[in-house]
Every structure is written in structure tokens, then in C-alpha cells.
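For reference, the structure is listed below as C-alpha cells.
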Number of protein chains: 2
Amino acid sequence: MARRAERPVEARARLSRERVVRAAVALADEAGIESLSMRRLGEALGVEAMSLYNHVANKGQLLDGMVDLVFSEIDTPADDRDWKSAMRRRAISARGVLARHPWAIGLMESRTTPGPATLRHHDAVIGCLRRGGFSVAMAAHAFSVLDSYIYGFALQEANLPFDSGEATAELAQAILAQAADDYPYLTELTVEHVLQPGYDFGHEYAFGLELILTGLEHARDEPA
Amino acid sequence: MARRAERPVEARARLSRERVVRAAVALADEAGIESLSMRRLGEALGVEAMSLYNHVANKGQLLDGMVDLVFSEIDTPADDRDWKSAMRRRAISARGVLARHPWAIGLMESRTTPGPATLRHHDAVIGCLRRGGFSVAMAAHAFSVLDSYIYGFALQEANLPFDSGEATAELAQAILAQAADDYPYLTELTVEHVLQPGYDFGHEYAFGLELILTGLEHARDEPA
DNA sequence: ACCTGAACACCGTTCAAGT
DNA sequence: ACCTGAACACCGTTCAAGT
């Protein structure tokens, strides 16, 4: 009893692969992926770092599990919706999930072994398109362009110098003050668009998404 | 004379920030970004790791410089082309550059301080769109959707389990054998499309690119 | 079956000391 | 002005030893 009270809350439950991966995601969300070490993760779980190796083979496998867990949070397209609504819905869901776990997008480049949740998601997307009347080849095209857009937007959003929503005007102004001459078009766009009240980079998402969905609708009906 | 001969070739020239950054890019290209350490980079340059700190403040600044160097390799839109050709050209150029330096796309998530080459490139892109008849707001939309697509496609390409071009049939077959029941649509797409002779994921790039360019052309002429 | 302490070969970075 | 050796506080991972 007294012994148990000395340990962190998380240590009460038994360790498992899932608990390890979940704790790693929580740690990366809070402190950033660069702060995720086996020692720190052990500490967060009330255990020595070496104990983690009973549940994951190595750090690479842990990272694979984290990416797959993030994927599992994205809405899977349902059977009963038309493909366009379903694709819109999962694209919006994906943006939210990747904004909550911005480190995941940077991890995807180095993690080439997709997990079960990732495969399940991909399968559901392709299935939705096939049932929506897309040929195999056209489903592959649609899958490629939609996923590129979703991940690329998330990458740009994670990449913003200011925090996602409203631009911090001081920062932008400071940058621009020294650079207005060198980058006239960037300056124009920043002053007349980005720094306008109510601007949110996230609003750009809908424009591109609808552009792609409309394009796909035409391509489905009139294959090249 | 004898002394000089004992040192690696690269050490002959004087160290500079540019040489350090270039050597870091070369090392990351050859051995992967995870192999890039200050000690290893020093070794490649025939110098102790600590000498590097005379030219870059820390490793983060080195990574910033590497990303900016990669950006400088992408074709900048020229003045004399119509916007559509110019955007097509720089998109194709960007894919090649990011395929040569696949670690760069994963780095972008954590590097939020754009360098001069990055800013110059962005300025040229926006300028090309403005001169091509896009309003400020529409140029921002176009910029966002094109860059999302370019980076997202590069991210997916870096992410492929097989090496970019042709799929290694054995690997794909092995995966599918165990998973055909769980992922029927993914199986169909893989067998009937990906594993067909001559398939190259890179071919998907043109489809999405033309879809987006066509959509932008309409949006420019009939703003919502 | 699970956890740990000590150890190994690495990291990024500092600082005083050399030239 | 530039480079270095030693040192510090970290890493991921192994292995034999504990329960």
C-alpha cells in the first residue's frame, strides 16, 4: 500500500504493448517527439527504461506503433454514404487528428512498415471509392491525390512559423520589415491576406479539398 | 605536404558554413538522416566535431540550412512562362529534388524557420500566379493546394515499402498472402494495378497535378 | 514472465586551452 | 580566428541477475 503510493499513477496497471505505445503518443504530444526517449517514457510509466523492451522490440517498432495508433483515430469511411461525402468527412477528420499529433507526419517518412490500423483505413477508403463507381485504376488515382493533399496540408500546417490558427502579427511584421524588398509578392500576400483579421490557414483546406473532389467526380464520369 | 596527405580529401579546403551544410546533405543522402551526427559529419570533413560549432550555432541550425539548400535545388518559376506551365514545371522539379533527398520532407515538420532560398522560391511562385491573373486570395488558395499536393506526394513516395519505382513483387505477394481476407479492396488494387508490369507509383503524380491545375484554371476565371 | 542495475558505444554541447 | 581534448549530461540497447 505505502509502496504503491510512492509510484506514479500510471504504474498501477500492468504494462503492455498498448499502454507503452499510448504513453509514448501522450509524451510526444506534450513534450514533442524529440523529447521521447526510452528512459523518459519509462519514467512516465513508473518503470525503468529496460522494462519497455519486454513489450516492444526496439524504438523503431515503438514509433511504428505510434503512427498506427494515430491512423486508428481517423474516421473510417462508412458504407452508407456516397463517396464524395465520405471522402470529405475522412479528410476533415484526418486534418484534426494530424493537427493533434503533429509529430506523426514527420515520422511517416521514416516508417515504411504500415500497421493494421493503417491498412484497414486504406482498405476502407479504396472500398468506398470502388462502390462509388470508380474503376480500379481511377480509385488508385483518387487515393493518391487525396492522401497527398491531406498529408501535405498537415505538413504545411505543422510547419507554420506561427501557431496554426491566427497569425501572431508582431512576428510576421518583424519578418516582413527586413524582407519587404527581397520578397515583394510574399509581402503583398502576407499583408493583404494573412494578416487580415479572421484569417486562418486552416480555411485554405476546404478550397483545395472541394477542388480535388470536384475534379475526381468529373474524372470518374469521363475517364481519360 | 606529408601531413596534408594523411587527412581526408574534403579537409583540404577551408571550412565554412556552406561546406558544412553541403557535407551534411551528402551524408544524409548516403547514410540516412538518422546517421547524421556532429561527430560523423566532422569525420567526413576531416575535422573534430567541435570545429563545426564555429560555423553553425547548433544542430538545429544545421538542419535548417540543409532544408533550405534542398529548396534551392527546386526550379524557380520563370517570368516568361504562363502560370500553368510554370507551376507544372516546378512541381515536377520539386518531386525530383525531394526524391533525391527523402529525409528533407520528414525534416520540414520540425523546422519552422524558413531560410532565404525557401522564401525566394515562395515569392517566385506567388509572383507567377499574380502575374498570371490570380487575385491575392486566389493565389493563396492555389499556393496552398499545390504545395500540399507536392509535399504530400513526396511524403507518400518516401513512405513506400518498396523502392519508389517498380514494386518488388515478392514482398507485395508475401504481404497479401496473409492479408487478402482482411483487406479485400487493398488486395484487389495491388493485384490488378500495382503489381501489373510497368506500374510506377510516380505515374500517379501527373494525374493529380493536372487535376489540380485544371481546377485552378476554372477557379481563376470564375471566382466563387 | 517480467523487471532491473550496470555497462557499452554512442549522442549534442560547453569550455578552457592551444595555434 | 579557428581548431581541439576533456568533460558533462544525455541516448538506445545488451545482458546477467534478480523476483
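Bear in mind that the values here come from a model prediction, so they are computed numbers and not experimental data. Labels below follow one simple rule: chain letters A, B, ... track the order of the sequence lines, proteins then strands, and each chain is numbered from 1. The figures that follow rest on heavy atoms only: side chains count, while hydrogens, waters and symmetry mates do not.
- In this entry the distance linking CG of Leu52(B) with P of dG12(C) reads 10 Å, nearest Å.
- Note: His122(B) and Tyr183(A) fail the aromatic proximity criterion, with ring centroids not under 6.0 Å apart.
- For Arg14(A) and dC3(C), the CZ to C1' distance is 10 Å, given to the nearest whole Å.
- Geometric assessment of Arg130(A) against the ring of Tyr185(B) yields a negative cation-pi assignment under the 6.0 Å and 45° thresholds.
- A straight line from OH of Tyr53(B) to P of dT13(C) spans 4 Å, rounded to a whole angstrom.
- The side chain of Arg40(A) places no N or O atom within less than 4.0 Å of a non-bridging phosphate oxygen (OP1 or OP2) of dC10(D).
- Of all nucleotides listed (dT13(D), dC3(D), dG5(C)), dT13(D) comes nearest to the side chain of Lys59(A).
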Q | Arg19(A) vs His55(A), side chain to side chain donor-acceptor pair (under 3.5 Å): CA-CA, chis, key distance, verdict | A | CA-CA 9 Å; Arg19(A) 281 194 67 229; His55(A) 302 98; over 6 Å; no

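- Listed nucleotides dT4(C), dG12(D), dC11(C) differ in distance to Ser37(B); the shortest reach to its side chain belongs to dC11(C).
- A sub-4.0 Å separation between OP1 or OP2 of dC2(D) and a side-chain N or O of Ser51(B) is absent.
- Nucleotide dC15(D) holds its P atom 14 Å from the CG atom of Asn54(A), rounded to whole Å.
- Rounded to whole angstrom, the span from the CG atom of Leu45(B) across to the C1' atom of dC3(D) amounts to 13 Å.
- Using a 4.0 Å cut-off between a side-chain N of Lys or Arg and a carboxylate O of Asp or Glu, Asp147(A) and Arg90(A) qualify as a salt bridge.
- Distance from the side chain of Glu48(B) is smallest for dT4(D) among the nucleotides dT13(D), dT4(D), dT4(C).
- Residue contacts for Met38(B): at a heavy-atom cut-off of 4.0 Å it reaches the sugar-phosphate backbone alone, with no base atom in range.
- Remark on DNA chain C: of its neighbouring residues Arg39(A) and His55(A), the 5'-side contact belongs to His55(A), judged by nearest-heavy-atom nucleotide.
- Rounded to an integer number of Å, the gap from CG of Leu41(B) to P of dT4(D) is 13 Å.
- With distances taken from any side-chain atom of Met50(A) to the nucleotides dG5(C), dC3(C), dT14(C), the minimum falls on dG5(C).
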